[in-house]
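Start at 1 and go down the list; that is how both ligands and their atoms are numbered.
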Amino acid sequence: MVSITEILKGLHTGKPVELRGWIYRTRSVGGKAFVVVRDATGIVQVAISRDGVPAAAFAAAQKALIESAVIVHGGVVQDKRAPGGFEIRADDFKVLHFAEKFPIQEDLSEEFLLDVRHLWVRSQRMTTIFRIRHTAFGAVHEYFRDQGFWEVHPPMITPSGSEGGSTLFELEYFGRKAHLTQSWQLYAEALVLAMEKIYYIGPSFRAEKSRTTRHLTEYWHAEMEQAWAGMDDVIKHAEGVISHTCQRVAEERPDDVTAMGRTPEFLKAVKPPFERMTYDEALKGLKKKGVEIEWGKDLRTLEERALTEGKSKPIIVTHYPRITQAFYKARDPKRPDLVLAFDVIGGDGVGELVGGSERETDLEAIKKGLKEQGEDPKAYDWYLDSRRYGSVPHAGFGMGMERLIQWICKLEHIRDAVPFPRTPARFAP
Ligand code: 4AD
Ligand code: MG
């Protein structure tokens, strides 16, 4: 048994092979059937001639519809006319399962494709993205493990949130109110005092009602936290993990990258350092471009687009106004109206790839911050123990994996970065 990618690399040319897969496309001319077969790695053409296979096999090849499951025996030949440049000349062709008429034909609406997402995941577009996603997840694990970080896991069911009540999903928990995690934030700050350098990739949930091309209600969050570290230390890791992921995807999946409309060279050029500016500098730069925003306001898509315009690497904005930011972020000792927080912003409208900060170490300052955000410090008492028993400087960040994949694959909409997207409008199939 061989895979299609091996055939297309020329590893089986001139040899007999067995291939298992599904019919992607089929057409018959005279005494020949041309069946394009797909597997997890790609598509290849199989030529079946009436004289070359048993009569029953030829009849089956002519009858089988798209997405029928097949087992092909034959010899691999190089043929410029075939898609991918190779063809299997069949000497046997078995149909393991005759598919019903496949509901996905050409020119279907985006809504319909979301209704039949369980079938659309078989498309070349989706499988290409899945392979890139696979490589990206592996690269993030590889980066943090190589840098000496421990993988530790927070709970997904939590009493309270860390990123603001408006995006918190509520859950009925045996008659009590619980919430789905928005971030491992509070747990990371407990675990970092145990393990010092930690990371994990897991699902985060945001009840974002806004319908945008870059928000999901369930996304995969790569998060890290580091003790004895400040904002600059973790910015280096944000650059490092993004760059490493781009290098790995470019090295391991050049054809998939090209199929998505990026080039491997573009990704290989994503190397540190990324351009850096403070929030104040960003506002000045925007003003020069005719984009004015009031000091203290968050950067929106429009501003992020203007800042990243014409830039092939992500950029970093630091030192945000404290009023826009969560209670756990450290105040800037030189400018108490700012926090030592940063975002990594990608171009092509993807926007914030990473959000992170140095963390506030002062117990009273955190309590004050919680109150300002309408929270009761008592509900966070267990978390505040991290500032009572051996508090040390620490910092960390979170990276949206689908945002990164959206940027790498140049996807118009984030929903294609994940097999079964969850958005305000739908949670099925
Ligand atoms: O900026 P956020 O909200 O930061 C945190 O949650 C921190 N506690 C992380 C940390 O320091 N450990 O989210 C981090 C990242 C964003 O930069 C973005 O890439 C992604 O998570 N993200 C989303 N991705 C998809 N859909 C959404 N609704 C997202 N919300 C945030
Ligand atoms: Mg953020």
Is the ring centre of Trp382 less than 6.0 Å from the ring centre of Tyr187? yes
Check the angle between the aromatic planes of Tyr219 and His221 and answer parallel, tilted or perpendicular using the 30° and 60° thresholds. tilted
Backbone, side chain, both or neither: what part of Tyr219 comes under 4.0 angstrom of ligand 1, heavy atoms only? side chain
Side chain or backbone of Glu208 under 4.0 Å from ligand 1, or both, or neither, by non-hydrogen atoms? side chain
Does Arg359 have a non-hydrogen atom less than 4.0 Å from ligand 1? yes
Looking at non-hydrogen atoms alone, which of Met399, Arg206, Glu189 comes nearest to atom 13 (O) of ligand 1? Arg206
For ligand 1, is any non-hydrogen atom under 4.0 Å from His221's backbone (N, CA, C, O), its side chain (CB onward), both, or neither? side chain
among protein heavy atoms, the one nearest atom 12 (N) of ligand 1 is Glu223 OE1, 2.7 Å
Would you call the rings of Tyr200 and His153 parallel, tilted or perpendicular, where under 30° means parallel and over 60° means perpendicular? perpendicular
Contact region, His215 to ligand 1, non-hydrogen atoms below 4.0 Å, reads both
The Mg ion (ligand 2) to Glu352: any N/O/S contact under 2.8 Å? yes
May I ask you to check whether Phe149 and Tyr199 place their ring centres under 6.0 Å from each other? no
Counting only heavy atoms not in Glu100, do more than 12 fall under 6.0 Å of its CD? no
Where's the contact between Val354 and ligand 1, heavy-atom distance under 4.0 Å: side chain, backbone, both or neither? backbone
Under a heavy-atom criterion of less than 4.0 Å, does Arg403 contact ligand 1? yes
Considering only the protein, which heavy-atom contact is closest to atom 7 (C) of ligand 1, and what is its distance? Tyr328 OH, 3.4 Å
Parallel, tilted or perpendicular, judged at 30° and 60°: which one describes the rings of Phe397 and Phe144? tilted
Nitrogen or oxygen of Leu216 less than 3.5 angstrom from that of ligand 1: yes
The answer for which part of Leu353 has a heavy atom under 4.0 Å from ligand 1 is backbone
Has ligand 1 got any nitrogen or oxygen that is less than 3.5 angstrom from a nitrogen or oxygen of Met224? no
Atom 1 (O) of ligand 1: of Gln325, Gln406, Arg422, Glu352, the nearest heavy atom sits on Glu352
Protein contact to atom 15 (C) of ligand 1 [nearest heavy atom, distance to 0.1 Å]: Gly398 O, 3.6 Å
Can you check whether Thr213's main-chain N or O pairs, donor with acceptor, with Gln406's side chain at less than 3.5 Å? yes
Mark yes or no for whether Thr158, through its side chain, and His179, through its backbone, hold a donor-acceptor pair below 3.5 Å. yes
Is the distance between the ring centroids of Trp407 and Phe266 under 6.0 Å? yes
Should one rank Met401, Gln185, Gln182 by closest heavy-atom distance to atom 8 (N) of ligand 1, which comes out on top? Gln185
What protein heavy atom sits nearest atom 4 (O) of ligand 1, and how far away is it? Glu163 OE1, 3.9 Å
Within a distance under 4.0 Å of any heavy atom of Gly355, pick out the atoms of ligand 1 and give their elements. 9 (C), 11 (O), 17 (O)
Is Arg426 salt-bridged to Asp115, going by a charged N under 4.0 Å from an acidic O? yes
Checking Thr301 against Arg214: is there a side-chain donor and acceptor pair closer than 3.5 Å? yes
Regarding Glu189 and Tyr328, do their side chains bring together a donor and an acceptor under 3.5 Å, going by distance alone? no
